[in-house]
Amino acid sequence: MGKTSVLLVGFLFSFLVATVQAGDKYKKYNDPSLPINKRIRDLMRRMSLDEKIGQMVQIDRKVATPEVMRDYKIGSILSGGGSVPHLQATPQEWLNMVNGFQNGSLSTRLGIPMIYGIDAVHGHNNVYKATIFPHNIGLGATRDPELVKRIGSATAREVRATGINYVFAPCIAVCRDPRWGRCFESYSEDPDIVKEMTEIINGLQGEIPKDSRKGVPYVGGKDKVVACAKHFVGDGGTTRGINENNTVIDKHGLLSIHMPGYNAAIIKGVGTVMVSYSSWNGVKMHANHDLVTNFLKGALRFRGFVISDWQAIDRMTYPVHANYTYSVLTGVQAGLDMIMVPYNYTEFIDTLTGLVKNKFIPMSRIDDAVRRILRVKFQLGLFENPLSDESFIDQLGHQAHRDLAREAVRKSLVLLKNGENADEPMLPLPKKSSRILVAGSHADDLGNQCGGWTINWQGGSGNNLTSGTTILKGIAEAVDPSTEIVYEENPEFDYVKSNNFSYGIVVVGELPYAETNGDNLNLTIPLQGQYTLYNVCANIKCVVVLISGRPLVIMPHLEQVDALVAAWLPGTEGQGVADVLFGDYGFSGKLPRTWFKTAEQLPMNVGDLTYDPLYPFGYGLTTQPLNATISTLSIREKGAVQSSEMLKDLLRKNQQNSESEIDTGVDCRFSFRNCSLKIGQPKIIVEGDDLGVNKIKEAQEPWDWD
């Protein structure tokens with residue numbers, strides 16, 4: 001009996017050890033078949049205080065190493081503006097860097113992957129050879145949320161090409177004063193337009209399923225990224241447009257002007273919200289518990305995580321970092337979940353740990369922050385696929401994305417003046433002329449036309465920052481081969497007068513800037529640009545293309561100018577400007593913000609009791625394409641065309657070539673799918689569905705009417 005008992009006890013012990021070992025190998029939080037909330041609960045019950053606090057820390061890549069990620073259990077890394085592996089780094093080098101950091105995170109006790117963030121505010125703008133789209137002010141001029149959604153999708157793929165999965169975009173500020181240095185990051189002064197443009201979130205993250213709970217973050221696949229609505233809230237309403245300053249407005253004004261975009265973003269499942277440096281009625285937003293916790297997390301039911309801005313808790317006091325313990329305590333208690341430190345992470349970790357251990361910050365607040373961070377990571381699929389997918393490498397600067405950016409440029413251009421009257425328009429310009437003059441500091445400068453947040457935080461001038469097409473090059477490609485183009489950046493008065501030019505194109509504007517460096521109380525065109533404008537336009541017929549992140553003082557120059565185009569900050573695809581100047585496409589953009597007469601009128605916004613603009617909000621002249629064909633016709637509204645007769649009527653209205661006639665035969669044999677008809681010589685294919693037309697294009701194959 002004794003020997004049998006010993007054997008039985010040994011067997012039971014071995015069975016228990018095996019069971020425990022099997023249990024250790026199976027961790028609920030690593031099981032993708034389980035609901036996310038169960039996975040979060042399982043993981044959090046295993047986490048120590050230092051592991052939880054580590055998840056709340058975001059550091060810059062400059063101080064990150066795999067060892068730092070492992071030893072401090074860091075939850076996130078970012079690349080600040082211009083923080084790159086090295087100049088002109090390739091997508092593979094970016095990806096290798098990100099994976100190296102991630103391996104450090106995966107080597108921790110619980111193997112919680114980090115999330116990597118970057119400012120991708122007009123394309124993947126930190127990365128060499130990425131597609132740079134127009135800045136938000138230009139996209140607001142398009143009035144085209146579907147276009148912005150496609151830009152979001154393209155940006156997400158280019159970000160994924162470098163192994164990154166989180167972007168600090170979109171900026172949904174409502175800029176109420178163009179003197180603000182971040183006004184180009186705002187879609188409009190009108191909250192309704194800003195709200196519409198949150199459609200970019202559906203492009204970045206994917207379209208949220210209809211049955212989703214409001215406020216729960218959503219990311220729809222490996223080709224998507226986590227988005228960030230910023231900067232909560234009122235950053236565009238500061239006094240005199242001073243960056244990071246105080247927004248003085250009552251609660252009704254705050255909610256009706258600056259808040260609608262956030263509600264729309266949360267409905268779309270945005271993963272994160274970044275808090276603003278600015279204050280509301282004297283209270284720093286990073287310290288505002290009522291708005292961050294009670295309103296954003298409570299009333300709006302936001303379930304993603306709230307992130308601070310760069311070193312923002314340091315800036316809660318003056319002098320900066322004067323009382324760091326107070327700043328950490330106040331910021332975390334206000335509702336900040338992830339803190340963008342980005343360098344002094346050990347000081348932050350030690351300070352927060354002390355505040356928790358000494359019961360100044362309750363454990364429930366830490367758990368709330370970590371739960372939100374993990375929810376986003378699980379939704380992103382980081383636990384299943386922590387390492388970067390190399391299959392997206394070829395998406396960086398992909399031609400389809402550049403074509404999309406070129407389309408966005410075309411649609412963003414706002415025509416403010418076109419000749420002295422409607423009977424004698426200056427635009428579109430003739431492609432065939434003897435000699436044309438192209439002048440100005442922005443005509444042949446890729447950096448100037450891209451603006452701030454391009455490769456570097458502040459951007460920069462010149463053609464060596466990244467790859468793309470300048471406006472001058474676009475003009476050269478657009479005109480007839482027999483047309484002579486003369487480029488002089490700053491031509492003298494007598495030179496212009498004596499050289500018998502057919503007409504001139506002057507491209508001038510602001511030099512690149514970002515944030516506080518762009519704050520400007522005067523808003524005048526730089527002096528050399530004014531000289532160039534006068535020297536050209538006083539002597540020959542001229543069109544002025546203004547490159548700027550906001551309206552500038554233009555009224556003193558209007559008499560000399562025959563045509564005036566607001567091109568905003570168009571990005572790398574300068575051909576889009578030439579496409580419209582020379583009539584391949586018509587002007588269609590509308591002002592996203594009021595164009596003032598003098599800076600003394602500011603702030604001035606549509607709806608103000610005193611409203612006396614040079615050009616009102618929504619203004620924009622239109623032109624028709626030269627020799628328009630249906631290949632240039634775009635129908636965006638579903639249901640716009642639902643029969644062949646409606647289609648023919650629409651084509652007649654849009655057809656500008658009087659010599660072409662619409663064939664009476666329309667072939668729509670497949671429930672209005674793939675309809676075809678004949679206009680003059682080309683075969684026209686209509687792409688759509690039973691609800692209407694999406695796109696009309698010219699067929700490539702020969703016409704075969706049957």
Side-chain angles (χ1 to χ4, degrees), residues 58-69 74 76-105 114-133 135 154-169 171 185 204 225-226 228 274 307 309-311 340-343 345 387-390 392-398 401-402 405 446-448 450-468 512-515 517 569 571-572:
Q58 185 179 67
I59 63 175
D60 189 87
R61 56 154 294 281
K62 292 177 181 176
V63 298
T65 66
E67 293 73 28
V68 166
M69 301 305 293
I74 302 294
S76 182
I77 303 177
L78 83 151
S79 277
S83 180
V84 300
H86 62 81
L87 290 177
Q88 302 186 359
T90 66
Q92 186 68 60
E93 289 170 319
W94 275 93
L95 190 146
N96 291 344
M97 177 193 70
V98 173
N99 280 346
F101 294 141
Q102 189 68 282
N103 283 324
S105 295
M114 65 87 183
I115 186 171
Y116 198 112
I118 196 167
D119 286 283
V121 297
H122 61 141
H124 199 9
N125 47 264
N126 273 290
V127 178
Y128 181 64
K129 290 190 175 179
T131 307
I132 306 298
F133 292 92
H135 266 298
T155 300
R157 289 193 292 273
E158 296 211 11
V159 170
R160 283 289 194 172
T162 56
I164 296 172
N165 45 32
Y166 175 26
V167 299
F168 305 129
C171 177
E185 297 183 55
L204 291 166
V225 296
V226 176
C228 180
M274 184 182 292
I307 186 169
D309 210 331
W310 177 277
Q311 292 182 325
M340 194 184 293
V341 178
Y343 302 129
Y345 58 93
L387 297 177
S388 305
D389 187 343
E390 297 192 11
F392 292 105
I393 281 181
D394 66 349
Q395 292 296 302
L396 189 84
H398 195 283
H401 303 161
R402 293 191 179 276
L446 196 61
N448 284 353
C450 288
W453 287 111
T454 303
I455 305 300
N456 302 304
W457 172 39
Q458 294 293 322
S461 298
N463 292 329
N464 297 320
L465 281 179
T466 190
S467 62
Y513 57 81
E515 301 192 34
N517 287 351
L569 298 169
T572 52

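Heavy-atom basis, side chains included; hydrogens, waters and symmetry copies ignored.
Atom NE2 of His122 is separated from atom SG of Cys171 by 12.5 Å, given to the nearest 0.5 angstrom. To the nearest 0.5 angstrom, Phe392 atom CZ is 12.0 Å from His398 atom NE2. Remark: Asn517 CG to Trp457 CH2 distance equals 5.5 Å, nearest 0.5 Å. A distance of 4.5 Å separates CG of Leu387 from CG of Asn99, quoted to the nearest 0.5 Å. From Asn126, atom CG reaches atom CG of Leu78 across 9.5 Å, with rounding to the nearest 0.5 Å. Residue Ile307 holds its CD1 atom at 5.0 Å from CE of Met274, rounded to the nearest 0.5 Å.
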Exercise for review: Please report the C-alpha distance between Val68 and Val63 in whole Å, then the side-chain angles of each, then the deciding distance to 0.1 Å, and finally whether the side chain to side chain contact (heavy atoms under 4.5 Å, CB included) criterion is met.
Suggested key: CA-CA 8 Å; Val68 166; Val63 298; over 6 Å; no

Exercise for review: Evaluate the criterion side chain to side chain contact (heavy atoms under 4.5 Å, CB included) for residue pair Phe101 and Ile59; output intermediate values, then yes/no.
Suggested key: CA-CA 12 Å; Phe101 294 141; Ile59 63 175; over 6 Å; no

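Among all heavy-atom pairs drawn from Ser105 and Met69, the shortest one is OG-CE, 3.5 Å. Among all heavy-atom pairs drawn from Val98 and Ser388, the shortest one is CG1-OG, 3.9 Å. Taking all atoms of both residues into account, the shortest heavy-atom contact from Ala120 to Ala169 is O-CB, 3.4 Å. When all heavy atoms are compared, the tightest approach of Gly447 to Leu465 is CA-CD1, 4.0 Å. Summarising the geometry of Thr466 relative to Ala130, their closest heavy-atom pair is OG1-N, 4.2 Å, with the distance given to 0.1 Å. Across every non-hydrogen atom of Gly468 and Arg402, the tightest pair is CA-NH1, 4.3 Å.
A heavy-atom distance below 4.5 Å is found between the side chains of Pro512 and Asn448. A heavy-atom distance below 4.5 Å is not found between the side chains of Val84 and Tyr128. Phe168 is listed as a side-chain neighbour of Met340, based on a closest heavy-atom distance under 4.5 Å. Using a 4.5 Å cut-off on side-chain heavy atoms (C-beta onward), Ile164 and His124 make contact. Proximity of Asp389 to Arg160: side-chain heavy atoms (C-beta onward) are nowhere separated by under 4.5 Å. In this structure, Gln58 and Ile77 have side chains that are not in contact, with every pair of non-hydrogen atoms separated by 4.5 Å or more. Side-chain contact check for Trp94 versus Ile118: some heavy-atom pair is nearer than 4.5 Å. Residues Leu95 and Glu390 have side chains in contact (heavy-atom distance under 4.5 Å, counting atoms from C-beta outward).
Side-chain atoms of Gln311 never come within 3.5 Å of backbone atoms of Pro342 as a donor-acceptor pair (strictly under, hydrogens ignored). Although no hydrogens or angles enter the test, the distance criterion places no donor-acceptor pair under 3.5 Å between the side chain of Asn456 and the main chain of Gly82. No donor-acceptor distance shorter than 3.5 angstrom exists from the side chain of His135 to the backbone of Glu185, with no hydrogens or angles considered. Under the 3.5 Å distance criterion, the side-chain polar atoms of Glu158 are matched with a main-chain donor or acceptor of Gly397.
Side chain to side chain, Thr131 and Arg157 fail the donor-acceptor criterion of an N or O pair below 3.5 Å. When only modelled atom types and interatomic distance are considered, Asn125 and Thr454 share no side-chain donor-acceptor pair under 3.5 Å. Under 3.5 Å, the side chains of Asp60 and Ser83 contain a donor-acceptor pair of N or O atoms.
The side-chain hydrogen bond (donor to acceptor under 3.5 Å, both in side chains) check on Tyr345 picks up nothing, with sequence neighbours excluded.
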